[in-house]
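Each remark here refers to the structure printed beneath this line.
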Amino acid sequence: MTREFLKMHGLGNDFVVIDARSTPYSPAEAEVRAIADRRTGVGCDQFIVLEPSNIPGASGFMRIRNADGSEAGACGNASRCIGWLLLEESGSDRASFETAAGLLHAFRADNGRITVDMGPPRLDWDAIPLAAPADTLRVAAVEHAGFAGPVAVNMGNPHAVFFVDDAEAVPLDEVGPVFETHPAFPERANIEFAQVLSPTAIRMRVWERGAGVTQACGSGSCATLVAAVRRGLTARKADIILDGGTLTIEWTEDDRVLMTGPVALSFSGRLSAELVAGL
């Protein structure tokens, strides 16, 4: 059995996307890892399956799998990609779809960009979740190699945002996996290192849970803006400058986080029977 797929990306954060709304598809972890492998598979940071949704008005359920096969609750860049696909499919200016983190809404923005309403951030310690009660504005227990006290934010998945003087100097490959698996984060965490450039601009680099260093992270950009506002470092709307490009994030006064950025369709293809079998 083979499967048709799309290869898409948002600012270099790349995805294999499979539409399973008419034909069910639930790949095992080994299959996801085989497809995500950049040498012997298609290669991707996340593997996305669009499934049917039972929510009225939702055009599908976006299931997100990391490159290691684990499941994620949210992925902002993939949400824009799925939003764009559904907008193109319907010819509308608005599309709604379900995720493990709740119902998301996508809209067309300027210059071909897509805006996704990522919903409200979750800021209580048990909603991150943290292993024990703590002030999420500065999680004192999280410390390693001179980095300490990140802001914890849940944007459908857990994030720890460290503010630094020089984001370029952070050894992501070394400290990222340590913080991802820190005992304070029982479900692991996405790790962001953010340098505030101005009240409306932040340079950010990211280590994603289950994927490692990526070119961009949409939910991480949302978490970074929320963290910066909570610390009093920026305005409620700012550009997040990532390795792969720039996202515009706004935390509205009515507690919604809006993410706006580009979407790209790289190519389409068909998975071989060997890849579908996880070989």
Side-chain angles (χ1 to χ4, degrees), residues 13 45-46 64 66-76 100-102 118-197 202-214 216-234 236 238 240 242-243 249 251 255 257 259:
N13 183 196
D45 293 321
Q46 277 85 27
I64 309 160
N66 293 313
D68 66 358
S70 62
E71 188 161 349
C75 180
M118 297 288 288
R122 302 172 192 170
L123 305 176
D124 293 336
W125 73 270
D126 53 349
I128 301 302
L130 298 178
D135 180 2
T136 60
L137 189 58
R138 191 178 300 273
V139 186
V142 179
E143 182 177 4
H144 174 74
F147 302 101
V151 182
V153 181
N154 186 298
M155 286 303 312
N157 50 3
H159 294 267
V161 183
F162 293 86
F163 288 98
V164 297
D165 294 331
D166 184 359
E168 310 299 336
V170 175
L172 268 181
D173 285 320
E174 297 176 17
V175 299
V178 174
F179 285 123
E180 176 193 350
T181 57
H182 192 283
F185 305 115
E187 296 181 7
R188 299 185 293 165
N190 299 275
I191 310 300
E192 288 82 29
F193 292 91
Q195 175 186 350
V196 176
L197 304 177
I202 303 172
R203 171 71 172 110
M204 189 269 277
R205 298 174 64 214
V206 61
W207 174 277
E208 289 199 54
R209 178 182 63 168
V213 177
T214 62
C217 179
S219 62
S221 296
C222 295
T224 296
L225 187 277
V226 169
V229 172
R230 292 186 70 204
R231 286 271 182 97
L233 301 174
T234 67
R236 297 184 73 93
I240 311 299
L242 305 152
D243 289 348
I249 310 297
W251 186 14
D255 201 31
V257 181
M259 171 195 58

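Every value quoted in this text rests on a predicted model; they were computed, and no experiment measured them.
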*Looking only at heavy atoms, which two atoms of Phe185 and Ala160 are closest? And how far apart?*
CZ-CB, 3.7 Å
*If you look at every heavy atom in Gly176 and Ile191, which pair is closest and at what distance?*
O-CG1, 4.0 Å
*asked:* Working to the nearest 0.5 angstrom, can you tell me the gap between Leu197 CG and Leu233 CG?
replied: 12.0 Å
*Please round to the nearest 0.5 Å and tell me the distance separating atom CG of Asp243 and atom SG of Cys217.*
11.5 Å
*Quick one: does Asp124's side chain have a donor or acceptor within less than 3.5 Å of a partner on Asp126's backbone?*
no
_Results of side-chain hydrogen bond (donor to acceptor under 3.5 Å, both in side chains) for Asp255 - residues two or more places apart only_ = Trp251
_Minimum heavy-atom distance between Glu187 and Arg209, given as atom pair plus value_ = O-NH1, 2.8 Å
_Nearest-0.5 Å distance, CG of residue Asn13 to CG of residue Leu242_ = 9.0 Å
*State, to 0.1 Å, how close Ala131 and Pro186 come at their nearest heavy-atom pair, and which atoms those are.*
N-CD, 3.6 Å
*Intermediate values then yes/no, side-chain contact (heavy atoms from CB on, under 4.5 Å), Thr234 and Val229*: CA-CA 5 Å; Thr234 67; Val229 172; 3.9 Å; yes
*asked:* I need the Asn66 CG to Asp45 CG distance, nearest 0.5 Å.
replied: 9.0 Å
*Distance (rounded to the nearest 0.5 Å) between Leu225 CG and Ile240 CD1*: 5.0 Å
_Rounded distance [0.5 Å steps], OG1 in Thr214 versus CD in Gln46_ = 7.0 Å
*asked:* By the definition side chain to side chain contact (heavy atoms under 4.5 Å, CB included), identify the one residue from Gln195, Glu168, Glu192 that meets it with Arg205.
replied: Glu168
*asked:* To check you understand the geometry: which heavy-atom pair defines the closest contact between Ala101 and Arg122, and what is its length?
replied: O-NH2, 3.4 Å
*Is there any side-chain hydrogen bond (donor to acceptor under 3.5 Å, both in side chains) pair reaching into residues 170-182, and which pairs are they, with sequence neighbours excluded?*
Glu180-Arg188, Glu180-Trp207
_Strictly distance-based, threshold 3.5 Å: is any side-chain N or O of Asn154 a donor or acceptor partner for the main-chain N or O of Leu123?_
no
*Yes or no on side-chain contact (heavy atoms from CB on, under 4.5 Å) for Met204 and Ser221, after CA distance, side-chain angles and deciding distance?*
CA-CA 8 Å; Met204 189 269 277; Ser221 296; 3.8 Å; yes
*If every non-hydrogen atom of Arg230 is compared with every non-hydrogen atom of Ala152, which pair is closest and at what distance?*
NH1-O, 3.8 Å
*Can you list the residues that meet the ring pair (Phe, Tyr, Trp, His ring centres under 6.0 Å) rule with Phe193, with sequence neighbours excluded?*
Phe147, Phe162
